[in-house]
Amino acid sequence: MNILITGVAGFIGYNFASFFLKKGNKVYGIDNFDKYYSVGLKKKRIRILRQKKNFFFDKIDIVNKNRLSNYFKIKKIDTIIHLAAQAGVRYSFKNPEKYIDVNIFGFLNLIEEAKKNKITKIIYASSSSAYGESNKFPLKESEKLNPKNIYGVSKMINEEIAELYQRIYKINFIGLRFFTIYGEWGRPDMFMSKLFKSYMTKDVFYLNNYGNHLRDFTYIGDAVQIVVKLMRKKFNEHEVFNICSSKPINIYNVVKNFRKNRKVKVKLIGINKADILKTHGSNTKIKKHVSNIVFSNFYKAFYKTFNWYKKNEIHKF
Ligand SMILES: NC(=O)c1ccc[n+]([C@@H]2O[C@H](COP(=O)([O-])OP(=O)(O)OC[C@H]3O[C@@H](n4cnc5c(N)ncnc54)[C@H](O)[C@@H]3O)[C@@H](O)[C@H]2O)c1
């Protein structure tokens, strides 16, 4: 299997690549080292991946059609895991254009290349943000999408394009609606990294909406295991799956638990208009497709992530 991972310098891309490399697969990776968050952290991830001889990295922007086209002419890819994107819901209010450029045009460029090069297996990242605000918990894949921000809209459009390309060009797609993925090499713009950073630097931690958010936190190791098992099965037209533990956790309680034995200065602030109050997905569909899924205990994986963060002094990146 010759796998291409887009966004390989990112949090989820790095973790997927590490897994496949350890299994002895050849992994091709592309990323443009976008400046949305620490480029140093992204480069560090790539340096680690490069220690494996079966990893081949190229710095490519998926918005650049010609560059992407030349790349596909040379490489023999049979499966694409598409994770490159402008992530983050709050930033989508500051720079909406970027979400359209990277998440929609970039996605289209990539699947046009798949079409030209007869690649018929594409796994791509959608998001729980495609659901928007809802009260029909746990959210099933069949639920109507009603995104609340441009980021969610861009992911919903990806799903619609995938559906269309499946019907017309017979490319098989798996769409992954990730729910708040956390763990080693996590994104610095997300809740956990910010909390750990405040502890390390003694800076104030700003807790949005006074902590009254519920998040269906899903450990990266669990997400990787699920997707790998899913990939071993027959790719069937276009299927979308929630990737979630289906156990929403109150953010205030997480902060409280963390502060039991540690000092962190916390400032409670109001709600950010980009944020969704609660995420809670159903994982019934994925459990039906893939057997023996085991989800990590939240606090065990949370403290494992914290110990990794502290040991590697990630706040310095
Ligand atoms: N982390 C989560 O909880 C979560 C939740 C839902 C969906 N997702 C989706 O999963 C995917 C991976 O997310 P992540 O958390 O690893 O984010 P990330 O930002 O760490 O990784 C994305 C990578 O894409 C790269 N990239 C951005 N623009 C690019 C471009 N034009 N060309 C090439 N590379 C580009 C970035 O440099 C980055 O390394 C994204 O599609 C994201 O929207 C993540």
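Because the structure is a prediction, the values reported are computed rather than measured.
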Steps toward side-chain contact (heavy atoms from CB on, under 4.5 Å) verdict (Y151, Q86): CA-CA 8 Å; Y151 170 66; Q86 177 54 57; over 6 Å; no
Step-by-step side-chain contact (heavy atoms from CB on, under 4.5 Å) determination, K26 to I3: CA-CA 7 Å; K26 210 182 230 186; I3 310 166; over 6 Å; no
Residues N117, I77; criterion side-chain contact (heavy atoms from CB on, under 4.5 Å); working and verdict: CA-CA 9 Å; N117 294 282; I77 308 291; over 6 Å; no
Residues L277, N212; criterion side-chain contact (heavy atoms from CB on, under 4.5 Å); working and verdict: CA-CA 7 Å; L277 288 175; N212 289 323; 6.0 Å; no
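Within 6.0 Å of the NZ atom in K285, the count of heavy atoms belonging to other residues, nucleotides or ligands exceeds 12. Other residues, nucleotides and ligands place no more than 12 heavy atoms under 6.0 Å from the NZ atom of K65. In the displayed structure, K256 atom NZ is contacted under 6.0 Å by at most 12 heavy atoms of other residues, nucleotides or ligands. The environment of K136 atom NZ is sparse: at most 12 non-hydrogen atoms of other residues, nucleotides or ligands sit within 6.0 angstrom. Around the OH atom of Y299, the shell of radius 6.0 Å holds more than 12 heavy atoms that belong to other residues, nucleotides or ligands. K44 NZ: 12 or fewer foreign heavy atoms inside a 6.0 Å radius. The environment of K194 atom NZ is dense: over 12 non-hydrogen atoms of other residues, nucleotides or ligands sit within 6.0 angstrom.
There is a side-chain donor-acceptor pair under 3.5 Å between Y131 and N242. Between S296 and K304, the side chains place no donor N or O within less than 3.5 Å of an acceptor N or O (distance only, hydrogens not considered). Donor-acceptor pairing under 3.5 Å is lacking for the side chains of Y14 and D31. Judged by distance alone, the side chains of Y124 and N158 never bring a donor and an acceptor atom under 3.5 Å apart.
Aromatic ring orientation, Y36 versus Y91: tilted (interplanar angle from 30° to 60°).
In this structure, the separation between CD1 on I150 and NZ on K98 is 14.5 Å, given to the nearest 0.5 Å. In this structure, CD1 on I60 lies 8.5 Å from CG on N70, to the nearest 0.5 angstrom. Rounded to the nearest 0.5 angstrom, I119 CD1 and F72 CZ are separated by 4.5 Å. In this structure, CD1 on I111 lies 5.0 Å from OH on Y165, to the nearest 0.5 angstrom. With values rounded to the nearest 0.5 angstrom, F196 atom CZ is found 6.0 Å from T305 atom OG1. In this structure, I12 CD1 and I5 CD1 are separated by 11.5 Å, a value rounded to the nearest 0.5 Å.
Side chain of K233 to backbone of V290: no donor-acceptor contact under 3.5 angstrom is found. The backbone N or O of Y303 lies less than 3.5 Å from a partner atom in the side chain of N307, making a donor-acceptor pair. At distances below 3.5 Å, not a single donor-acceptor pair connects side-chain atoms of S198 with backbone N or O atoms of V264. Proximity of a side-chain donor or acceptor of K155 to a complementary backbone N or O of A125 within less than 3.5 Å is detected. A donor-acceptor contact shorter than 3.5 Å is absent between the side chain of R90 and the backbone of A274. Judged by distance alone, with hydrogens and angles left aside, the side-chain atoms of D216 form a donor-acceptor pair with the main-chain N or O of S246 at under 3.5 Å. Judged by distance alone, the side chain of D222 and the main-chain N or O of F295 form no donor-acceptor pair under 3.5 Å. The closest donor-acceptor contact from the side chain of N109 to the backbone of I62 lies under 3.5 Å. One N or O on the side chain of R177 and one on the backbone of E141 form a donor-acceptor pair closer than 3.5 Å. Formation of a donor-acceptor pair under 3.5 Å by the Y99 side chain with backbone atoms of G88 is found in this model.
E184 and F11 make their closest contact through O-CE1, 3.3 Å (heavy atoms, listed as atom of the first residue, atom of the second, distance). When all heavy atoms of V102 and V63 are compared, the closest pair comes out as CA-CG2, 3.9 Å.
For the pair K247 and F298, the cation-pi test (distance below 6.0 Å, angle within 45°) is failed. Seen from the ring of F33, K43 counts as a face-on cation partner, given the 6.0 Å and 45° thresholds. A cation-pi arrangement is found for K42 relative to Y37, the charged atom lying closer than 6.0 Å to the ring centre and inside a 45° cone about the ring normal. Stacking of K115 on the aromatic ring of Y169 is recorded, both the 6.0 Å distance cut-off and the 45° axial limit being met.
Salt-bridge check for K140 with E143: failed, with every basic side-chain N at 4.0 Å or more from each acidic carboxylate O.
No single ILVMFWY cluster, assembled from side-chain heavy atoms under 4.5 Å apart, contains both V255 and Y206. Tracing side-chain contacts under 4.5 Å through hydrophobic residues (I, L, V, M, F, W, Y), one reaches I100 starting from L164; they form part of the same cluster. Connection of F217 to F137 is not established within any shared hydrophobic cluster, with ILVMFWY side chains joined at heavy-atom distances below 4.5 Å, either directly or through further cluster members. Side-chain heavy atoms closer than 4.5 Å link hydrophobic residues (I, L, V, M, F, W, Y) into clusters, and following such links, possibly through other members, connects I168 to F107. Cluster annotation: I271 and I269 are assigned to distinct hydrophobic clusters (Ile/Leu/Val/Met/Phe/Trp/Tyr, side-chain heavy-atom contacts under 4.5 Å, transitive).
Taking the centre of each ring, Y182 and F306 stay at or above the 6.0 Å mark. If you look at F302 and F191, their ring centroids are not closer than 6.0 Å.
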